[in-house]
Amino acid sequence: MPEGFTLNRGWVLVLKDGRVVVDWGENVFQDLASGQFIESVDLIGSHTIRDEELAWLKRTGQVLDYDAGQVFLGSLPERRRKPLD
């Protein structure tokens, strides 16, 4: 297994506008290229990532590797959370 962390492949989506995002659930998405968190996205026209899209991301260094069920990433910025009072 490559270094970094593993995501379920079903969590990686390609939006209609071409952005690749990670769906963290609860309407929280993270742009794979920029690392920015997005609170809401339009999922109409989106799809789970395909092999050819993952191959391109691997060639460009955004993905370390992938297989039929997982995507291996080097790192992503963590989501900032509001402190509990």
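In summary, of the residues considered (V63, L54, L32), a side-chain contact (heavy atoms from CB on, under 4.5 Å) with I49 occurs for L54 alone.
When the side-chain contact (heavy atoms from CB on, under 4.5 Å) test is applied to N27, no partner is found at least two apart in sequence or on another chain. Residues that satisfy the side-chain contact (heavy atoms from CB on, under 4.5 Å) test with K16, not counting sequence neighbours, are absent from this structure.
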Could you walk me through whether Q36 and R19 pass the side-chain contact (heavy atoms from CB on, under 4.5 Å) test, one step at a time?
CA-CA 12 Å; Q36 290 183 313; R19 287 183 295 167; over 6 Å; no

Does the pair D51 and Y66 meet the rule for a side-chain contact (heavy atoms from CB on, under 4.5 Å), with working shown?
CA-CA 9 Å; D51 282 341; Y66 62 94; 3.8 Å; yes

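For the pair D65 and K58, the tightest heavy-atom approach, listed with the atom from each and the gap, is OD1-NZ, 3.1 Å. E39 approaches V28 most closely through the heavy-atom pair OE1-CG2, 4.1 Å. The heavy-atom pair separating R9 from R50 by the smallest distance is NH2-C, 3.6 Å.
L73 contributes atom CG, which lies 4.5 Å from atom CZ of F5 (distance to the nearest 0.5 angstrom). Atom CG of L64 sits about 9.0 Å away from atom CZ of F72, to the nearest 0.5 Å.
Side-chain atoms of Q70 never come within 3.5 Å of backbone atoms of N8 as a donor-acceptor pair (strictly under, hydrogens ignored).
Clustering of Ile, Leu, Val, Met, Phe, Trp and Tyr side chains at separations under 4.5 Å places V41 together with L13, L15, V21, F29, I38, L43.
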